[in-house]
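These notes are about the structure you will find just below.
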Amino acid sequence: MTNLTRRTLMAATAALALAAPAFAADYEFKFQSSDPAGNPNFELQKTWAADVAEKSEGRIAIDLLPVESIVAHNETQDAIATGILDGHITDLSYFAGKDPAFGLMGNPVGAWSDPQQMLDFVDNGGGAELLNEIENPYGLQFIGATTPGLEAFVSAKPLEGVADLQGLKMRAPEGLVQSVFAAAGASPVNLPGSEVFTSLDKKVIDAADYSVFSTNQAQGLNDVAQHPVYPGFHSLPLVEISMNKTKWDDLPEDLQAVLTQSVKDFAQRQIAALAEADEKAVAEAKEGGEITVHDWSADERAKFRTIAQGEWEKVAAQSPNAQKVYDTLTAYLTEKGLVSQ
């Protein structure tokens, strides 16, 4: 993230904090993030907590904690249900071990070409209703979704479309990401993030699923793999903001509305800030003249999505909830013309 963007976020956080009334809140909640302190995403999330205080006129105070403050990143769901935490901001797919529906909903690899598509699915395509149907039995209430954005794809070889994935040696985490790329003809291997740069530099791999463009650029990945695909075509995580259902039900309707709207506003703020960071990083990288940015056509993205759908079907067969996610997701994508029937 650029210094300008970081200063802007710090200023926004301070302004929102000053705007909040300085009297005791009616409701005080402890939320844990899946991001560490100082991370750009965590800094943005702090603006959400401050915005809730402002929008509620000080009636809601949220103490937002970085990852691992109270429990591990994949234990927050249980902690919320038992009252150890009141809520979380986290990648939904961390709970795929409980039900594969969380993994499929959290990151249906290949589904989205733009963050707004995912948010529209949540708000208008049945996603929010489905998430509460799945999460309420676990003691959680889904409030809303955000995302750090569509990840770029790191590559040392030119990739113009699906055909170029054939035989591509690449890093991908185990699970749906790896299975989708394997189905597309690539040769994925599981490597920790700490080994991606060295593996690309030594040509052990030719490409990697890693992060958004600005992060890839800041960590030097584009220096050793000079054919990034941007905007990306594969991974866009759904980061949920949820809280204890009993405590949600105890809130007056006007404060429920405040929380719901605050998440919608935060999602747009986060997407805009991180997109700005990506755009600046792309411009700086292009000025250097050493990389070639590849932007896949809508047809190539649709081909990849069709391949991914076959892998989604396999996940859908693993639980009734996963089948519901698959049915709702594919119905939305079909209606929007993103997949064919």
Side-chain angles (χ1 to χ4, degrees), residues 1-2 4-6 8-9 12 33-36 38-48 67 89-94 103 105-123 125 127 144-155 159 172-173 176-177 180 193 196 207-219 221-222 225 228-241 263-286 291 293-296 298 301 304-305 308 329 333 336 338:
M1 175 169 287
T2 64
L4 176 61
T5 305
R6 190 176 298 278
T8 300
L9 291 178
S33 169
S34 58
D35 290 301
N39 178 281
N41 286 316
F42 186 75
E43 295 303 310
L44 282 163
Q45 291 161 10
K46 290 195 293 187
T47 72
W48 168 70
V67 67
I89 304 179
T90 190
D91 188 324
L92 184 64
S93 61
Y94 288 151
M105 190 79 171
N107 197 344
V109 179
W112 314 119
S113 296
D114 184 278
Q116 302 302 337
Q117 291 175 348
M118 185 271 284
L119 293 179
D120 185 65
F121 167 64
V122 171
D123 292 339
T146 184
T147 182
L150 187 63
E151 293 182 358
F153 190 69
V154 180
S155 180
L159 302 176
L176 192 55
V177 176
V180 169
V196 170
D209 160 55
Y210 192 69
S211 186
V212 296
F213 191 97
S214 55
T215 299
N216 297 342
Q217 180 72 6
Q219 295 189 8
L221 298 186
N222 295 329
V229 180
Y230 173 83
F233 59 91
H234 67 299
S235 181
L236 190 154
L238 187 159
V239 174
E240 66 157 341
I241 299 182
V263 175
K264 292 181 186 295
D265 294 344
F266 168 63
Q268 297 303 327
R269 192 161 62 247
Q270 180 177 29
I271 290 167
L274 298 179
E276 178 187 1
D278 273 359
E279 288 167 6
K280 288 182 178 179
V282 170
E284 291 170 1
K286 286 182 175 179
I291 74 165
V293 176
H294 301 263
D295 182 4
W296 282 18
R301 293 172 186 273
F304 188 80
R305 191 176 292 119
L329 175 64
L333 293 171
K336 298 297 181 181
L338 296 172

Describe, in one word, how the ring planes of F153 and H234 are oriented to each other, choosing from parallel (under 30°), tilted (30 to 60°) and perpendicular (over 60°).
perpendicular

Please give me the minimum heavy-atom distance between S211 and N216, naming the atom from each residue.
O-ND2, 3.1 Å

Short question: side chain of D35, backbone of F42 - any donor-acceptor pair under 3.5 Å?
no

By salt bridge (charged side-chain N to carboxylate O under 4.0 Å, His left out), which residues pair with D114, not counting sequence neighbours?
none

Run the side chain to side chain contact (heavy atoms under 4.5 Å, CB included) check on L150 and F233 step by step: do they pass?
CA-CA 8 Å; L150 187 63; F233 59 91; over 6 Å; no

For the residue pair F121 and W112, does the interplanar ring angle fall in the parallel (under 30°), tilted (30 to 60°) or perpendicular (over 60°) class?
tilted

By side-chain contact (heavy atoms from CB on, under 4.5 Å) - contacts of V239 (at least two apart)
I89, T146, P148

What pair of heavy atoms forms the shortest contact from P237 to G149, and how long is it?
CD-O, 3.8 Å

Restricting to side chain to side chain donor-acceptor pair (under 3.5 Å), what partner residues turn up for K286, sequence neighbours left out?
none

Give the C-alpha distance, both sets of side-chain angles, the deciding distance and a yes or no for side chain to side chain contact (heavy atoms under 4.5 Å, CB included) between T47 and R269.
CA-CA 9 Å; T47 72; R269 192 161 62 247; 3.1 Å; yes

Under the side chain to side chain donor-acceptor pair (under 3.5 Å) test, residues paired with E279 that sit two or more places apart:
none

Partner residues of Y94 under the side chain to side chain donor-acceptor pair (under 3.5 Å) criterion, sequence neighbours left out:
none

In Å, rounded to the nearest 0.5 Å, how long is the span from CG of N41 to OG of S34?
8.0 Å

Taking salt bridge (charged side-chain N to carboxylate O under 4.0 Å, His left out) as the test, write out the residues that go with K336, two or more places apart.
D120

Contact summary for A111 and Q117, nearest pair of heavy atoms:
O-OE1, 4.2 Å

From CA spacing to verdict: salt bridge (charged side-chain N to carboxylate O under 4.0 Å, His left out), E284, K280
CA-CA 6 Å; E284 291 170 1; K280 288 182 178 179; over 6 Å; no

State whether the side chain of Q219 and the backbone N or O of T215 hold a donor-acceptor pair below 3.5 Å, judged by distance alone.
no

Work out which heavy atom in R301 is nearest to a heavy atom in G232; give both atom names and the distance.
NH1-O, 2.5 Å

Heavy-atom distance under 4.5 Å between the side chains of D123 and K264, does that happen here?
yes

Going through the distances and angles, do L176 and V109 end up as a side chain to side chain contact (heavy atoms under 4.5 Å, CB included)?
CA-CA 7 Å; L176 192 55; V109 179; 4.0 Å; yes

Which pair of heavy atoms, one from V263 and one from A145, lies closest together, and at what distance?
CG1-N, 3.7 Å

Stepwise, does the side chain to side chain donor-acceptor pair (under 3.5 Å) test hold for S214 with D278?
CA-CA 5 Å; S214 55; D278 273 359; 2.8 Å; yes

Quick one: list whatever passes side-chain contact (heavy atoms from CB on, under 4.5 Å) with P228, sequence neighbours left out.
F213, N222, I291, V293

Quick check for you: to the nearest 0.5 Å, what is the distance between M118 atom CE and L238 atom CG?
4.5 Å

By side chain to side chain donor-acceptor pair (under 3.5 Å), which residues pair with S33, not counting sequence neighbours?
Q45

Test of understanding: with side-chain contact (heavy atoms from CB on, under 4.5 Å), list the residues that count as partners of S93, not counting sequence neighbours.
D91

Does the side chain of S235 come under 3.5 Å of the side chain of N107 through a donor N or O and an acceptor N or O?
yes

Shortest non-hydrogen contact from V154 to A225?
CG1-CB, 3.5 Å

Separation between OG1 of T147 and CG of L236, rounded to the nearest 0.5 Å
4.0 Å

Run the side-chain contact (heavy atoms from CB on, under 4.5 Å) test against Q268 and tell me which residues pass, sequence neighbours left out.
Q116, L119

Taking the side chain from W48 and the backbone from Q270, do they hold a donor-acceptor pair closer than 3.5 Å?
no

Hey, do the aromatic rings of Y230 and H294 have their centres closer than 6.0 Å?
no

